[in-house]
Engineer: 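What follows is a single structure, and I will ask about it in a moment.
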Number of protein chains: 2
Amino acid sequence: MTSDKKSCLVEKLSHYIELDELAESQLASLEEHERTYHRHQEVYSETDELKYLYVVKRGWFYSYTDMPDGRRQIIRVLHPGDIVGFPDIAFEYATSNIRAAEDGCLCPFPKQKLDAIFEKSPRLTALLFLMANRELACVIDTLRAMGRMDARERLAYFFLDLTARLRITNKDMTDTIRMPMNQHEIGDALGLTHTYVSKTIREMENAGLISRKGATLTLAQETRLEDMVDFSDRYSRLDTSWFPS
Amino acid sequence: MTSDKKSCLVEKLSHYIELDELAESQLASLEEHERTYHRHQEVYSETDELKYLYVVKRGWFYSYTDMPDGRRQIIRVLHPGDIVGFPDIAFEYATSNIRAAEDGCLCPFPKQKLDAIFEKSPRLTALLFLMANRELACVIDTLRAMGRMDARERLAYFFLDLTARLRITNKDMTDTIRMPMNQHEIGDALGLTHTYVSKTIREMENAGLISRKGATLTLAQETRLEDMVDFSDRYSRLDTSWFPS
DNA sequence: AGCGGTCGTCAACATAGATTGACGCGCAAG
DNA sequence: CTTGCGCGTCAATCTATGTTGACGACCGCT
């Protein structure tokens with residue numbers, strides 16, 4: 001590792017199971033190399049030949065897809081400690097684009113590195129399998145939001161999800177987060193236009209549900225927001241009871 | 001196995017890699033038990049305590065989530081040979097509901113059965129990992145459709161996806177499929193009302209894009225439909241080049 | 001200090017899709 | 001043979017969100 005700080009990935013995963021030395025060293029080997037990106041820089045694009053996955057080390061990133069006519073859908077926001085590229089791993093060419101939401105740093109590692117884990121650490125294998133499927137559950141939550149919620153509910157869901165995710169590695173976090181994405185990006189994540197995002201956020205603010213100050217966002221009435229969207233936290237607890245020992 | 005026919009799961013997976021005897025027997029052990037369901041019967045519900053996954057043996061099923069006020073989102077249609085429950089595996093309680101779209105049969109197996117695979121078959125492990133992530137990629141495609149496509153495009157995407165999936169195990173399939181879901185269910189899968197589904201399908205039929213006869217559906221102009229939605233087949237080919245040997 | 005870009009906001013207008021209610025066909029149950 | 005229900009369809013009306021265009025605040029650069 002090139003950083004003195006404990007790996008974000010190890011920190012995030014050890015929230016769920018105890019990692020032995022072999023597991024920790026295997027995970028550390030995923031972060032041997034690193035590369036910095038500046039705000040809005042592309043990491044990779046749809047149809048790139050893709051042999052790598054990435055670990056987020058610093059900064060927010062997001063994955064998205066474009067349509068030929070310019071319509072864009074942001075799929076998922078990625079935070080430090082997240083693994084980037086699971087949806088693309090099954091294919092020779094990437095299915096989505098990755099971009100830096102702000103200045104940050106990624107650690108690329110070849111798909112093949114997973115082999116060593118699959119062969120030697122059944123327990124870590126199970127955890128990676130779980131992380132991929134947890135991501136699936138989260139994308140499904142987003143799908144539910146896009147299919148059946150109105151604009152206000154989608155925004156509530158989006159903010160709640162981000163907050164729940166950030167709390168895993170920030171135990172002492174309150175109901176306030178830094179929000180480095182602009183309203184155009186938020187709209188692309190929720191299937192709305194930036195004008196309507198602006199209008200709806202403003203209404204939510206007037207209703208006392210949230211408040212803003214510069215680039216920070218506060219969930220003033222988190223419980224009410226949760227009730228609005230029937231929110232489930234997919235991050236704080238996972239079922240690892242069936243793991244091999 | 002209680003059936004004389006080769007397992008659907010083995011058939012589907014061996015489309016991607018060669019399965020050795022150990023792998024085949026491990027997969028077969030997932031289908032030791034079976035249970036039949038009649039059309040519209042629930043398999044499991046959100047908040048059920050869930051220790052099982054399922055292999056679809058016969059018939060179409062689908063997963064969905066409900067909102068407290070009755071809005072419903074169908075997440076994914078499940079065909080013979082598919083594994084049911086990946087998005088729920090990470091949690092103690094189910095995150096979605098499963099229901100039979102028509103009369104069919106499922107094989108339940110406990111999550112723990114994956115342990116034996118993780119411990120003894122790195123190659124099969126990699127394949128299961130791939131299948132879960134392929135499903136992620138497919139849900140992301142659906143998300144893109146829901147976020148950024150209009151009604152006609154969503155329907156085109158939905159029909160193309162189903163057709164591509166069914167072709168894996170039916171090599172000689174043409175552009176015609178049996179469609180056992182009604183328009184209300186199709187609407188719930190695409191975030192539309194059944195009235196609007198009716199109207200839009202009718203328009204597509206008039207435009208010569210598709211045609212219907214009873215419960216069968218034909219993609220009369222498959223290429224044009226693919227161009228409309230920038231369609232990618234996620235089923236015919238996967239990248240297994242990085243698998244352990 | 002001036003300047004061009006990004007970003008949020010607002011208002012006027014346009015429209016895709018929802019809602020509601022009605023009708024008819026086919027089919028299974030009595 | 002009737003009855004009732006699931007299902008597809010159609011039309012009238014309503015509404016949430018998109019579209020376009022404009023303006024002002026802020027911020028880094030010259």
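Every chain is numbered from 1, with letters handed out A, B, ... down the list of sequences. Just so it is clear, the structure is predicted and the values come from calculations on it, not from any experiment.
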Engineer: Could you tell me whether A:Glu153 and B:Arg71 have a side-chain N and a carboxylate O separated by less than 4.0 Å?
Structural biologist: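 Yes, this pair counts.
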
Engineer: Scan B:Arg71 against the nucleic acid and name what it touches under 4.0 Å (heavy atoms): base, sugar-phosphate only, or nothing.
Structural biologist: nothing

Engineer: Answer yes if the side chains of A:Asp188 and A:Tyr62 hold a donor-acceptor pair under 3.5 Å, and no otherwise.
Structural biologist: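 No, no side-chain donor-acceptor pair sits under 3.5 Å.
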
Engineer: Please say whether the positively charged group of A:Arg234, taken as NZ for Lys or CZ for Arg, lies over the ring of B:Phe91, i.e. under 6.0 angstrom from the six-membered ring centre and within 45 degrees of the axis.
Structural biologist: yes

Engineer: CD of A:Glu203 versus P of D:dA16: gap in Å, rounded?
Structural biologist: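 After rounding, the gap between these two atoms is 10 Å.
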
Engineer: Could you work out which one of D:dG8, C:dC7, C:dT19 sits closest to the side chain of A:His40?
Structural biologist: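 Among the listed nucleotides, the one closest to the side chain of A:His40 is C:dC7.
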
Engineer: Do you know which of A:Val139, A:Ile140, A:Leu143 makes side-chain contact (heavy atoms from CB on, under 4.5 Å) with B:Thr142?
Structural biologist: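 Considering A:Val139, A:Ile140, A:Leu143, a side-chain contact (heavy atoms from CB on, under 4.5 Å) with B:Thr142 is found only for A:Leu143.
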
Engineer: Students often get this wrong, so: under 4.0 angstrom with heavy atoms, is B:Gly187 touching a base, only sugar-phosphate, or nothing?
Structural biologist: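 B:Gly187: no heavy atom of the nucleic acid under 4.0 Å.
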
Engineer: Taking any heavy-atom pair under 4.0 Å as a contact, classify B:Ile201: base, sugar-phosphate, or nothing.
Structural biologist: nothing

Engineer: Would you say A:Gln183 places a side-chain N or O within less than 4.0 Å of OP1 or OP2 belonging to C:dT6?
Structural biologist: no

Engineer: Provide, to the nearest angstrom, the distance between the CG atom belonging to B:Leu192 and the P atom belonging to C:dT15.
Structural biologist: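 Atom-to-atom, B:Leu192 to C:dT15, this comes out as 20 Å.
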
Engineer: Rounded to whole angstrom units, what separation is found between the CG atom of B:Asp150 and the P atom of D:dG18?
Structural biologist: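 Answer to the nearest Å: 13 Å.
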
Engineer: Is the closest side-chain donor-acceptor distance between A:Ser96 and A:Asp88 under 3.5 Å?
Structural biologist: yes

Engineer: On DNA chain C, nearest-nucleotide positions of B:Gly191 versus A:Ser198: which is more 5'?
Structural biologist: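 Looking at DNA chain C, the more 5' nearest nucleotide goes with A:Ser198.
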
Engineer: Over how many whole Å does the gap from A:His194 atom NE2 to D:dG18 atom C1' extend?
Structural biologist: 10 Å

Engineer: Can you measure A:Arg148 atom CZ to D:dA16 atom P for me and round it to whole angstrom units?
Structural biologist: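 The answer, rounded to whole Å, is 16 Å.
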
Engineer: Separation of A:Arg154 atom CZ from D:dG18 atom C1', in whole Å?
Structural biologist: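 About 12 Å, once rounded to whole Å.
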
Engineer: Please report the distance, rounded to the nearest Å, between CG in B:Leu190 and C1' in C:dA16.
Structural biologist: 15 Å

Engineer: Remember a base hit wins even if backbone is also touched, and classify A:Gly214 as base, sugar-phosphate or nothing at under 4.0 Å, heavy atoms.
Structural biologist: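 Touches nothing.
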
Engineer: Quick one: label A:Arg39 by what it contacts on the DNA or RNA (base, sugar-phosphate, nothing), any heavy atom closer than 4.0 Å.
Structural biologist: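 A:Arg39: backbone/sugar contact only, no base atoms under 4.0 Å.
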
Engineer: Starting the side chain at C-beta, find the nucleotide from D:dC7, C:dC7, C:dG8 nearest to B:Asn182.
Structural biologist: D:dC7

Engineer: Measure from NZ on A:Lys199 to C1' on D:dT19 and round the result to the nearest Å.
Structural biologist: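 For the pair A:Lys199 NZ and D:dT19 C1', the rounded distance is 13 Å.
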
Engineer: Counting side-chain heavy atoms from CB outward, which of C:dT9, D:dT9, D:dA16 is closest to A:Tyr196?
Structural biologist: D:dA16

Engineer: Looking only at atom types and distance, does a side-chain atom of A:Arg165 sit under 3.5 Å from a main-chain N or O of A:Val77, one as donor and one as acceptor?
Structural biologist: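 Here the side-chain-to-backbone pair exists.
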
Engineer: It should be established whether A:Arg152 places a side-chain nitrogen or oxygen under 4.0 Å from OP1 or OP2 of nucleotide D:dT17.
Structural biologist: no

Engineer: Measuring to OP1 and OP2 of D:dG8, would you say a side-chain N or O of B:Arg202 lies under 4.0 angstrom away?
Structural biologist: no

Engineer: With a non-hydrogen cut-off below 4.0 angstrom, is A:Thr195 in contact with a base, only sugar-phosphate, or nothing?
Structural biologist: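 If one applies the 4.0 Å heavy-atom cut-off, A:Thr195 turns out to touch a base.
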
